[in-house]
Protein chains: 2
Amino acid sequence: MKTLETLNVSPPEENSRRRELIEAAARLFRDQGYERTTVRDLGNAVGLQSGSLFYHFRTKEEILVAVMALGISRTTEQLAEAIAAARSAREKLAALFHVHLNSLLGDNQAALEVMLYEWRSVSESSRPGLIVLRDRYEALWQSVLDEAASQGLVKTDTRLLRRTLLGSLHWSVQWYREDGELTVDQLAERMMALVLTD
Amino acid sequence: MKTLETLNVSPPEENSRRRELIEAAARLFRDQGYERTTVRDLGNAVGLQSGSLFYHFRTKEEILVAVMALGISRTTEQLAEAIAAARSAREKLAALFHVHLNSLLGDNQAALEVMLYEWRSVSESSRPGLIVLRDRYEALWQSVLDEAASQGLVKTDTRLLRRTLLGSLHWSVQWYREDGELTVDQLAERMMALVLTD
DNA sequence: GTCTATAATCAGATAGAC
DNA sequence: GTCTATCTGATTATAGAC
């Protein structure tokens with residue numbers, strides 16, 4: 001049985017300094033990209049000299065991996081809670097859209113966006129741990145979609161449906177504007193309406 | 001009336017050396033990312049010393065912009081042709097999926113993928129020209145979706161539908177495998193089936 | 001047009017003092 | 001834990017010969 005540690009993914013009990021750094025890095029990586037963000041930028045953001053970062057992380061890439069792991073883990077937790085609280089297949093289906101979009105488009109959740117768009121900067125050796133986390137998240141999706149399909153709420157090609165829906169949702173960061181005509185939850189409802197069979 | 005030149009987008013008549021460089025850059029940028037690809041890598045790929053590149057392009061970023069412009073322009077042309085050849089709204093709808101996926105997943109079309117995933121490395125001053133090209137492509141999509149909706153082929157929320165579909169298709173590069181169970185055209189058919197109202 | 005050589009800058013990471 | 005100082009190497013871009 002592989003543990004998260006052997007997969008180079010940070011343990012859940014981050015001390016506060018590490019956590020603060022990860023949150024700041026998430027915003028910088030989202031806004032400027034990982035490669036364009038320097039360790040000096042990171043230090044500035046938390047009031048440290050660049051050299052001091054390397055007391056907390058061995059390499060810059062380790063920070064990236066920690067950001068991604070946080071982004072996907074936190075979203076998975078939120079989805080699991082929302083599913084547990086839902087009282088019907090239809091409510092579970094709605095949870096997929098609402099949790100994902102709020103996580104991606106919400107104020108302080110840059111980490112998930114980094115997970116989606118900076119994959120290429122993750123070294124081969126760090127990927128397996130992140131893939132495990134991603135697969136857990138997608139497994140939740142798959143089970144909800146399968147239940148929804150069995151009740152005729154959505155089409156039955158649920159594996160492809162999962163991939164296309166996740167693509168649709170991920171892409172929303174490219175065009176959604178907070179000051180636009182739709183709130184995040186309204187957007188979630190309308191995106192769900194597009195896949196309901198009726 | 002703005003011309004393409006004033007928007008810093010390359011003219012269509014590229015000389016062969018420029019074109020060769022752009023094609024090589026497209027593959028490198030897709031595989032390694034723009035920031036991780038050095039001008040030495042680019043020179044190597046076409047048998048030039050890194051310094052010689054700057055006879056053809058003023059900056060590295062100019063190469064990125066040329067790659068993106070080529071990717072979206074070529075895809076737009078192909079879509080326009082396919083739409084013109086289609087004999088029904090249904091065939092036009094199918095063209096959206098087939099052209100986009102073949103452009104994105106096909107052998108030598110790395111340029112479109114770069115357009116989608118390296119946007120953050122484009123300077124503010126270069127964006128307007130690329131946005132014009134992107135808008136032309138999306139306008140084609142919108143007109144086809146509107147016609148399809150008017151015939152009841154798809155749901156009527158076509159503006160959101162356009163955005164979700166494009167997101168779905170773009171994301172396919174993250175999971176589609178050429179050696180998998182589906183050809184690109186089979187995938188196109190199944191993705192279209194997911195949005196047909198029936 | 002392409003080469004060689006190099007300027008000018010900036011990157012990630014380390015060592016040792018405090 | 002954090003700072004200062006710095007090492008080492010890489011990067012884009014330029015200048016001038018051919």
Side-chain angles (χ1 to χ4, degrees), chain A residues 8 10-11 13-68 114 118-127, chain B residues 8 10-11 13-68 114 118-127:
Chain A
N8 291 323
S10 318
E13 341 81 35
E14 310 271 15
N15 69 51
S16 67
R17 202 56 158 149
R18 261 182 79 97
R19 183 64 169 250
E20 185 190 354
L21 245 160
I22 293 169
E23 302 277 8
R27 282 187 292 274
L28 285 169
F29 292 166
R30 176 195 56 185
D31 295 338
Q32 315 180 346
Y34 169 74
E35 302 288 350
R36 298 168 83 93
T37 302
T38 68
V39 291
R40 287 166 179 80
D41 293 334
L42 291 170
N44 267 335
V46 294
L48 283 182
Q49 293 301 312
S50 63
S52 308
L53 299 176
F54 295 92
Y55 171 82
H56 300 280
F57 296 91
R58 267 194 309 267
T59 64
K60 183 187 167 194
E61 197 220 341
E62 199 175 291
I63 304 179
L64 175 63
V65 173
V67 167
M68 291 185 171
V114 174
E118 295 289 351
W119 192 253
R120 208 167 18 202
S121 294
V122 178
S123 67
E124 290 295 333
S125 61
S126 297
R127 291 186 184 191
Chain B
N8 291 325
S10 316
E13 341 80 36
E14 311 269 15
N15 68 52
S16 66
R17 201 52 157 153
R18 262 182 80 97
R19 183 62 169 253
E20 185 190 354
L21 244 160
I22 292 170
E23 301 278 8
R27 282 187 292 273
L28 285 169
F29 292 166
R30 176 194 56 187
D31 295 340
Q32 314 180 347
Y34 169 74
E35 301 287 351
R36 298 171 83 92
T37 302
T38 69
V39 291
R40 289 173 235 282
D41 292 334
L42 291 170
N44 268 334
V46 293
L48 284 182
Q49 293 300 311
S50 63
S52 307
L53 298 176
F54 294 91
Y55 171 82
H56 300 281
F57 295 91
R58 268 195 308 267
T59 64
K60 183 186 167 193
E61 197 221 340
E62 199 175 291
I63 304 179
L64 174 63
V65 173
V67 167
M68 291 186 171
V114 174
E118 294 290 350
W119 193 253
R120 207 168 19 204
S121 295
V122 178
S123 67
E124 291 293 335
S125 61
S126 298
R127 289 186 186 191

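Note that these values count all heavy atoms, side chains included, but never hydrogens, waters or copies made by symmetry. Below, chain A is the first sequence line, B the second, and so on; all start at residue 1.
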Could you note down all residue pairs passing ring-ring contact (aromatic ring centres under 6.0 Å, His included) where residues 31-51 of chain B supplies at least one of them, sequence neighbours left out?
B:F29-B:Y34
Once side chain to side chain donor-acceptor pair (under 3.5 Å) is applied, do any residues pair with B:E118, and if so which ones, sequence neighbours excluded?
A:R120
Residue pairs, two or more places apart or on separate chains, that pass side-chain hydrogen bond (donor to acceptor under 3.5 Å, both in side chains) and touch residues 40-57 of chain A:
A:T38-A:D41
Hey, where on DNA chain C does chain B first and last touch, going 5' to 3'? Cut-off is any atom under 4.0 Å from a heavy atom.
C:dG1 to C:dT4
If only side-chain N and O atoms count, and only distance matters, is there a donor-acceptor pair under 3.5 Å linking A:E61 with A:S121?
no
Identify all pairs in which a protein N or O lies below 3.5 Å from an N or O of nucleotides 11-15 of chain D, and state each distance.
unit_1, atom_1, unit_2, atom_2, d
D:dT12, OP1, B:K60, NZ, 2.9
D:dT12, OP2, B:V39, N, 3.0
D:dA13, OP2, B:K60, N, 2.8

Charged N to carboxylate O below 4.0 Å: is that the case for A:R27 and A:E23?
no
Taken in chain and number order and not counting sequence neighbours, the residues that satisfy side chain to side chain donor-acceptor pair (under 3.5 Å) with B:R127 are none
A:I22 versus A:F57: any side-chain heavy-atom pair under 4.5 Å?
yes
